[in-house]
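Quick note: residue numbers are just sequence positions, from 1. In each ligand, atom 1 is the first atom listed, and ligand 1 is the first ligand listed.
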Amino acid sequence: MNNKIKLGVNIDHIAVLREARQVNDPDILHALNVACINGADQITIHLREDRRHIQDIDAKNIIMHSTLPVNMECSINKDILNIISDLRPHRVTLVPEKREEVTTEGGLDVFKYEDEISFAIEQLHDCIIPVSLFVDPTVEAIEKSKELGAEMVELHTGLFSNLFAMLNSSLPYSNHSVKELELPRYELSSRLEKAIEDIKISAKRANSIGLEVAAGHGLNYHNVHKMIEIKEITELNIGQSIIARSVFTGLADAIKEMKRLTTR
Ligand code: PXP
């Protein structure tokens, strides 16, 4: 397989650490060159409505100083869209957002919020910013994304990642076991196969109608090989696992290793 896969490194988690102490350390800008020289192809950040990690000034500085393209995730909230339209990142990925969630749960509901999404895409296109929609891996969501005018989709790999971890890691024995997935192993296996198949079918359909295909959420050093096998996926956005590993190995090695694992 010689179609390349881009690695987007989501650096929000560095700002999570900084915000936990409400100080200026770690400096998120330090991550930009480390990412660039160790194989990342893109920087991904999420300007959340509650500003729990990335702040407006971070977004501005990252876009100004990153030599890599910046993929900016955001909700369809009008105030956020106005800020981002002014910042002009290389691309925007529209994601659902709930204040009480720990991280993005589920894909964007492209049917329920059809008008808001279409308005957001129009506003971003007016600023010459291409748009990706973060959606659950269903053919219906893919086809709707195309109809709404997106250039790209990012397939939500959260269910796949949870199933993989419940089957292949200590997650079920931890405090963070996924309650609804506390199931017999044979049931987890068959659901995992189905989750992978859904991602494959969605990626194929997206590719066939001219959408670029990314994937992300919960991907890590153990499960990412399953995504690499799907040739229509040309970009992965990965955060938590890279930053978690960097605590032990340093950010440079953590990115290098992920790049190695995601090189086709
Ligand atoms: N892609 C999108 C659209 C996301 O919202 C997130 C989480 O911020 C990621 C990728 C990265 O997920 P993770 O931190 O689990 O690797």
Side-chain angles (χ1 to χ4, degrees), residues 5-17 19 28 31 35 40-54 58-59 62 69-77 80 84 89-99 101-110 117 120 130-137 141 145 150 152-165 169 171 176 178 199 202-203 206 212-224 226-227 233-247 251 254-255 257-259 261-262:
I5 196 149
K6 283 194 277 177
L7 175 62
V9 177
N10 185 320
I11 59 173
D12 296 344
H13 307 273
I14 297 174
V16 169
L17 194 55
E19 294 303 308
I28 199 159
D41 300 292
Q42 166 172 284
I43 297 294
T44 295
I45 52 172
H46 184 174
L47 185 68
R48 288 187 67 100
E49 290 166 32
D50 60 12
R51 307 298 199 276
R52 69 170 68 155
H53 38 55
I54 296 291
D58 294 323
I62 288 166
V70 176
N71 167 37
M72 189 131 180
E73 298 170 2
C74 74
S75 72
I76 49 176
N77 172 291
I80 291 277
I84 287 178
H90 293 79
R91 186 209 300 143
V92 164
T93 300
L94 295 175
V95 301
E97 211 175 285
K98 284 193 241 119
R99 293 219 168 204
E101 70 194 356
V102 176
T103 180
T104 315
E105 289 166 5
L108 202 53
D109 189 334
V110 284
I117 294 169
V131 181
S132 177
L133 302 182
F134 187 46
V135 292
D136 288 325
S145 301
M152 183 166 187
V153 284
E154 179 168 340
L155 303 176
H156 195 306
T157 52
L159 177 61
F160 155 76
S161 301
N162 280 341
L163 287 162
F164 193 98
S169 80
L171 186 64
H176 304 299
V178 184
I199 296 171
S202 302
E212 261 191 88
V213 190
H217 209 283
L219 299 179
N220 61 35
Y221 298 87
H222 307 290
N223 65 21
V224 77
K226 293 284 185 194
M227 296 298 109
I233 296 178
T234 56
E235 177 181 307
L236 298 172
N237 288 298
I238 308 181
Q240 168 74 23
S241 62
I242 293 177
I243 305 304
R245 179 164 290 202
S246 75
V247 170
L251 185 58
I255 293 174
E257 177 60 1
M258 188 57 86
K259 184 65 187 177
L261 292 175
T262 56

Notebook entry, point to check: Can you list the atoms of ligand 1 that are under 4.0 Å from a heavy atom of Gln240?
Noted result: 13 (P), 14 (O), 16 (O)
Notebook entry, point to check: Does Asn237 reach the main-chain N or O of Gly216 with its side chain, forming a donor-acceptor pair under 3.5 Å?
Noted result: no
Next item on the list: Report, in ascending order of atom number, the atoms of ligand 1 lying under 4.0 Å from any heavy atom of His13.
Entry: 14 (O)
Next item on the list: For ligand 1, indicate whether the residue His46 contacts it via side chain, backbone, both or neither (heavy-atom separation under 4.0 Å).
Entry: neither
Notebook entry, point to check: Which atoms of ligand 1 sit under 4.0 Å from any heavy atom of Ile238?
Noted result: 16 (O)
Checklist line | Minimum side-chain heavy-atom gap Glu97-Asn77 below 4.5 Å | finding: no
Check: For His217, does its backbone N or O pair with a side-chain atom of Ser161 as donor and acceptor, under 3.5 Å?
Finding: yes
Checklist line | Which of the ligand 1 atoms, numbered from 1, are nearer than 4.0 Å to a heavy atom of Phe134 | finding: 2 (C), 3 (C)
Next item on the list: Say whether Gly218, considering both its backbone and side-chain N or O atoms, lies within less than 3.5 Å of an N or O atom on ligand 1.
Entry: yes
Check: Which atoms of ligand 1 are found less than 4.0 Å from any heavy atom of Asn237?
Finding: 10 (C), 11 (C)
Margin query: Please enumerate all residues that pass side chain to side chain donor-acceptor pair (under 3.5 Å) together with Asp41, with sequence neighbours excluded.
Written below: Lys259
Next item on the list: Kindly say whether Leu159 contributes a backbone atom to a donor-acceptor pair with the side chain of Asn162 at under 3.5 angstrom?
Entry: no
Check: Rounded to the nearest 0.5 Å, how far apart are CG of Leu7 and OG1 of Thr44?
Finding: 8.5 Å
Notebook entry, point to check: For ligand 1, is there an N or O atom under 3.5 Å from any N or O atom of Glu73?
Noted result: yes
Next item on the list: Please name all residues satisfying salt bridge (charged side-chain N to carboxylate O under 4.0 Å, His left out) with Arg245, sequence neighbours left out, ordered by chain then number.
Entry: none
Check: Side chain, backbone, both or neither: which part of Glu154 comes within less than 4.0 Å of ligand 1 when only heavy atoms are counted?
Finding: side chain
Check: Given Val224, Asn10, Val135, which has its nearest heavy atom closest to atom 8 (O) of ligand 1?
Finding: Asn10
Note to self: At less than 4.0 angstrom from any non-hydrogen atom of Val95, what atoms of ligand 1 do you find?
What the structure shows: 3 (C)
Checklist line | Polar contact flag, side-chain donor to acceptor under 3.5 angstrom, Asn71-Glu73 | finding: no
Notebook entry, point to check: Can you find a non-hydrogen atom of His156 under 4.0 Å from ligand 1?
Noted result: no
